[in-house]
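The chains referred to below are lettered A, B, ... by the order of the sequence lines, with proteins before strands, and numbering in each begins at 1.
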Amino acid sequence: MQGRPLFLFIFAAYFRKMIQDLLKTAIAKVLNQLYGSAFVPTDITIENTSSDFEGDYTFVVFPYLRLSKKNPEQTATQIGDELLIHSTEILKFEVVKGFLNLTIKDSFWLTFLKQAATEKSFGMAMPNSEEPVLVEYSSPNTNKPLHLGHVRNNLLGYAVAQILRANGHKVFTCNLVNDRGIHICKSMLAWMRYGNGETPETSKLKGDHLVGKYYVIFDQHYKKEIGELVQTGLTEEEAKKKAPIMLAAQEMLLKWEQNDAEIVGVWKMMNEWVYAGFAITYENLGVQFDKYYYESNTYLLGKEIVQEGLSKSVFYNKDDGSVWIDLSEEGLDQKLVLRGDGTSVYITQDLGTAELKYEDFNCNRSIYVVGNEQDYHFKVLQKIAQKLGKSYADGIYHLSYGMVELPEGKMKSREGTVVDADDLIADMVLTAEETTKALGKMEGESEDHLKKLYHTIGMGALKYFLLKVEPKKKMLFNPAESIDFQGNTGPFIQYTHARIKSILRNVSATESFNFTDEKIVMSVIEKELVFKIYQYPLVIKEAAKELSPGVICNYIFELAKQYSAFYHDHQVLNEANADQRSFRLNLCKLTADIIQSGFGLLGIEVPEKM
RNA sequence: GGUCUCUUAGCUCAGCUGGAUAGAGCAACGGUUUUCUAAACCGUAGGUCGAAGGUUCGAGUCCUUCAGGGACUACCA
C-alpha cells in the first residue's frame with residue numbers, strides 16, 4: 001500500500017461513489033427497516049428509467065411484494081417515501097405499477113459535470129492498478145496477404161488491449177507469426193518451380209502479395225494433379241494425398257525441419273518479403289505489438305513439452321511413433337500432438353508458445369484473439385495445459401470471434417474470394433476523399449493535412465464498421481455496398497467531434513467554465529446528455545468485462561446522437577446567460593473528450609475539422 | 001453421426017446480470033439551413049423477436065424439443 005495516499009489524492013475521481021451504489025445502499029437500508037429483512041446493497045438491482053417515463057433510475061418492487069404484503073403501488077410508494085427521508089440525492093419519485101422511478105436532484109448532475117470536466121482522463125481507471133494481461137492477436141500465416149478477416153482480428157485485438165488498459169490492467173500484446181508449416185512450403189515450392197526468380201522489386205508487388213500469388217499457383221497445380229489422378233481411378237480423397245506436388249511440399253517441410261540450407265534460405269527470403277508487406281498494412285491499421293513470436297522458434301519448445309507429457313504419461317505413443325492425447329473423457333476426441341515423422345503440428349508449437357509467453361510476461365491471464373473456427377483447438381490446448389499441470393492453464397482465454405462472410409459465403413484465400421486488406425483500406429481512404437471533396441468544407445487546407453484526414457475518416461468508417469458488431473457474432477460484408485459514412489458510423493461520430501471543436505475554438509483559452517448551479521435550467525435534452533456522459537466509466541468497465549469493443553461503439557454513438565440533438569436545439573456561443581453558457585461548454589468539452597477517448601480505445605482517430 | 005454456435009423491421013445490427021408499449025442506422029416517404037459545420041436534426045411507415053412447449057408476478061433474454069444456417073470433428077493452420 002506504499003504511496004497509496006498520494007494516489008488517493010491525485011486519482012480522487014477514480015473513487016467517486018456512483019449514484020447507483022448510493023441508491024442501492026439506501027434501498028437496502030429502507031427495505032431492511034420496513035420489512036425486517038437483511039439485504040445488502042449488492043442484492044439490489046436498479047436500472048436506468050425507460051425514456052418513456054419520468055425519472056432517472058428505477059427500482060422494480062415486484063420481487064418484494066412477499067415481504068411488504070401490499071400491492072405493487074402501495075409497496076413502491078412506501079419505499080419511495082422512506083427513500084426521500086434517507087437519501088439526500090433523490091428529488092422525487094413516481095410510481096407506475098410496480099416500478100418506482102426515482103429522479104435525482106439537478107445539483108447532483110451539475111456537481112458531477114463540473115468535476116468530471118476537470119479530470120484529465122475521465123472514465124479511465126488508475127493505470128497499472130489491475131493484474132497484467134497478455135493479448136495475442138493478428139497471428140498471420142506468412143503464405144498470403146492479410147484479408148478482411150485478419151483486419152477484424154487486428155482491430156479487435158488492439159481494441160481489447162486498449163479497453164483493458166483503460167480498466168487499469170497492465171497489458172502486453174504479442175503477435176504469433178505462423179511462419180513455418182506446410183502452407184509456406186506450398187508458396188515456396190510454387191515459387192521455386194514457376195517463379196523464375198521473381199522478387200517484390202522485379203514484380204513491383206508488395207511482398208506479401210507476391211508470396212500469396214504463388215500460394216494460389218500451387219493450389220492451381222495441385223487441383224490439376226488431383227483431377228488427373230481421379231481420371232486414373234483414384235478417389236478424390238486418395239488423390240489429395242498422392243498428388244506429386246503435395247508430396248513434394250511435405251518433403252520440403254521435412255527438409256526444412258532438418259535445416260536444409262537451400263530450403264531454409266528460400267524460406268528466410270520469402271518470409272522477409274512478407275514481413276515487409278505486413279509492416280505496411282499494420283502501419284495503416286495502426287496496430288503494434290510488444291513482442292513477435294515465430295512458430296519456427298516455438299515449435300521446438302513444443303516438442304520438448306511433448307516429451308514432458310510423455311514422461312508424465314499425459315500423452316502416449318502410437319505404433320508409428322506419432323504422439324497423442326486422449327481427451328475422450330473430457331468430451332473431446334483423441335488428438336495428435338506430434339506426427340509420426342516427428343514433425344510438429346499446430347498445437348505442438350502452441351504448447352511451446354504458451355510456455356514461452358508465461359516465461360516472458362508472467363501473466364496469469366492470457367487472451368488469444370483467434371477466430372471461432374478454432375474453438376475446438378483452444379479447448380484442447382487448455383485441457384492439455386491443465387493435464388500437464390501448468391500454472392498458466394486456467395488463465396488461457398480464447399477470445400473467439402465470428403467469421404467475416406461475403407454474400408456468397410466464407411472467404412477463401414485459395415479461391416481468390418477474399419477482400420484484400422490493402423485494397424479495402426485504399427478504397428475506404430478514397431471514398432473519404434471523394435466525400436470530403438463533394439462536401440467542399442475543407443478547401444484551402446494543405447495537401448498533407450488532407451491526406452491525413454482522408455486516412456482518418458476512411459479508417460474511422462472501416463474500424464467502426466467492424467468493431468460495432470459483437471465479436472462472437474459472424475458478420476456480413478457486402479463489397480457491392482460501400483461502408484456508410486452516415487448514420488451509425490465512424491464518420492458521423494468524428495463529425496460530431498469536429499463540430500464541437502469548432503465551437504471550442506471560438507472560446508478564449510482563459511474563459512472559465514465554472515457556473516452557479518442555481519442559475520442553470522436543464523432542458524430534457526441537456527439532462528439526458530449529462531446522464532449519458534455519467535455512464536462512460538461504467539461502459540468502459542462493461543466493455544472490459546465482455547471483452548467487447550461493440551459496447552464502446554454503441555455508447556459513443558448514443559452519446560454523439562444525443563449531442564447532435566442538443567447541438568440542434570441549443571445555442572452555446574450565443575447563449576446570453578453566462579452560467580448557462582458555461583454549463584453548455586462543459587457539455588461540449590466532455591462530449592468531445594469522451595468521443596476522443598472512447599474512439600481512442602477503438603484505435604480510431606478524431607479530426608478537429610472535417 | 002457427435003460437439004459448439006447462430007436465427008430480432010426489406011437490409012445491417014443493438015437490446016446490461018429476466019422487468020414497463022422490443023430500439024437504432026441504412027433503404028422508402030415527408031419536413032428543417034439569413035443563427036456555433038445539413039457527414040446533421042425532426043417526423044411517417046415498417047415486428048406473432050425462427051417454431052412449439054416449459055419455468056414465474058413477469059421471457060427477445062433462462063430450460064427442453066424441433067426447423068433452418070454456419071463452424072469444428074485432418075498426421076491442415
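B/C16 and B/U3 have their C1' atoms separated by 29 Å, given to the nearest Å. The same atom, C1', is picked in B/G58 and in B/A22; the two are 15 Å apart, to the nearest Å. One P atom belongs to B/C42, the other to B/A67, and the distance between them is 46 Å to the nearest Å. Rounded to the nearest Å, the gap between the P atom of B/U37 and that of B/G19 is 41 Å. Distance noted for atom P between B/A74 and B/C66: 25 Å (whole Å). A gap of 14 Å separates the C1' atoms of B/A59 and B/A20, to the nearest Å. Look at the C1' atom in both B/G50 and B/G70: the space between them is 15 Å, to the nearest Å. A gap of 25 Å separates the P atoms of B/G68 and B/G60, to the nearest Å.
Distance, A/Asn478 CG to B/G10 P: 18 Å, rounded to whole Å. Put simply, NZ on A/Lys335 is 8 Å from C1' on B/U73, counting in whole angstrom units. Atoms OH (A/Tyr464) and C1' (B/U12) sit 12 Å apart, rounded to a whole Å. We find that NZ of A/Lys379 is positioned 6 Å from P of B/C4, with the value rounded to whole Å. Taking atom NZ of A/Lys144 as the reference point, atom P of B/C76 lies 16 Å away to the nearest angstrom. With rounding to whole Å, A/Leu476 atom CG is found 18 Å from B/C6 atom P. With rounding to whole Å, A/His377 atom NE2 is found 13 Å from B/C72 atom C1'. The distance between atom CG of A/Asn143 and atom P of B/C76, rounded to the nearest whole Å, is 15 Å.
Taking only side-chain atoms of A/Tyr376, from C-beta outward, the nucleotide of B/C76, B/U37, B/U73 with the closest atom is B/U73. Here B/G70 is the nucleotide among B/C36, B/G70, B/A77 with the atom lying nearest to any side-chain atom of A/Glu405. Here the nucleotide nearest the side chain of A/Lys410, chosen from B/G69, B/A40, B/A71, is B/A71. For A/Val469, the listed nucleotide lying nearest its side chain is B/C13; candidates were B/C13, B/C41, B/C36.
A/Gln486 and A/Thr489 form no side-chain donor-acceptor contact under 3.5 Å, judged by distance and modelled atom types alone. No hydrogens or angles considered: a donor-acceptor pair under 3.5 Å links the side chains of A/Gln334 and A/Tyr316. Counting only N and O atoms by type, the side chains of A/Gln580 and A/Asn577 include no donor and acceptor under 3.5 Å apart. Judged purely by distance below 3.5 Å, without hydrogens or angles, the side chains of A/Asn271 and A/Tyr294 never pair a donor atom with an acceptor atom.
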Under 4.0 Å protein heavy-atom contact, by nucleotide of nucleotides 15-27 of chain B - B base, S sugar-phosphate only: -S--BBS--SSS-

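By the 4.0 Å N-to-carboxylate-O rule, A/Glu605 lies too far from A/Lys463 to be salt-bridged with it. A salt bridge does not link A/Lys437 with A/Glu443: every distance from a Lys NZ or Arg NE/NH1/NH2 to an Asp or Glu carboxylate oxygen is 4.0 Å or more.
Pairs engaging residues 554-578 of chain A under the salt bridge (Lys or Arg N to Asp or Glu O under 4.0 Å) rule: A/Lys532-A/Glu558, A/Glu575-A/Arg584 [sequence neighbours left out]. Sorted by first then second residue, the salt bridge (Lys or Arg N to Asp or Glu O under 4.0 Å) pairs that include residues 49-69 of chain A, not counting sequence neighbours, are A/Glu54-A/Lys92, A/Asp56-A/Lys527. Legend: salt bridge (Lys or Arg N to Asp or Glu O under 4.0 Å) pairs involving residues 325-346 of chain A, not counting sequence neighbours, sorted by first then second residue: A/Glu330-A/Lys387.
Nucleic acid contact for A/Met475: sugar-phosphate only, since backbone atoms but no base atoms lie under 4.0 Å from a heavy atom of the residue. A/Thr436 comes within contact range of at least one nucleobase, with a heavy-atom separation under 4.0 Å. Nucleic acid contact class of A/Ile182 (heavy atoms, under 4.0 Å, all strands): sugar-phosphate only. In this structure, A/Ile457 reaches the bases: a heavy-atom distance under 4.0 Å links it to at least one base atom across the strands shown. Contacts of A/Phe485 with the nucleic acid, taken as non-hydrogen atoms under 4.0 Å apart, include base atoms. Using a 4.0 Å heavy-atom distance criterion, A/Leu573 is classed as a base contact. Within the 4.0 angstrom heavy-atom criterion, base atoms lie near A/Ser502.
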Intra- and inter-strand pairs of RNA chain B in dot-bracket (Watson-Crick or G-U wobble, both distances under 3.5 Å; | for another strand): (((((((..((((.....[...)))).(((((.......))))).....(((((..]....))))))))))))....

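Nearest approach of A/Ala560 to A/Ile493, heavy atoms of both residues: CB-CG1, 4.0 Å.
Residue order along RNA chain B, read from the 5' end via each residue's closest nucleotide, puts A/Thr435 first among A/Arg180 and A/Thr435.
Cation-pi contact between A/Arg152 and A/Tyr401: absent, since separation from the ring centre below 6.0 Å together with deviation from the ring axis within 45° is not met.
Within a 6.0 Å radius of NZ in A/Lys241, no more than 12 heavy atoms belonging to other residues, nucleotides or ligands are found.
For A/Asn372 (side chain) and A/Asp375 (main-chain N/O), no donor-acceptor pair under 3.5 Å exists by modelled atom type. A/Glu257 places no side-chain N or O within 3.5 Å of a backbone atom of A/Leu254 that could act as its donor or acceptor partner.
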Distances for protein N/O vs nucleotides 31-35 of chain B N/O pairs under 3.5 angstrom?
{"unit_1": "B/U35", "atom_1": "O2", "unit_2": "A/Gln571", "atom_2": "NE2", "d": "3.3"}

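An OP1 or OP2 oxygen of B/A74 is reached within less than 4.0 angstrom by no side-chain nitrogen or oxygen of A/Arg339.
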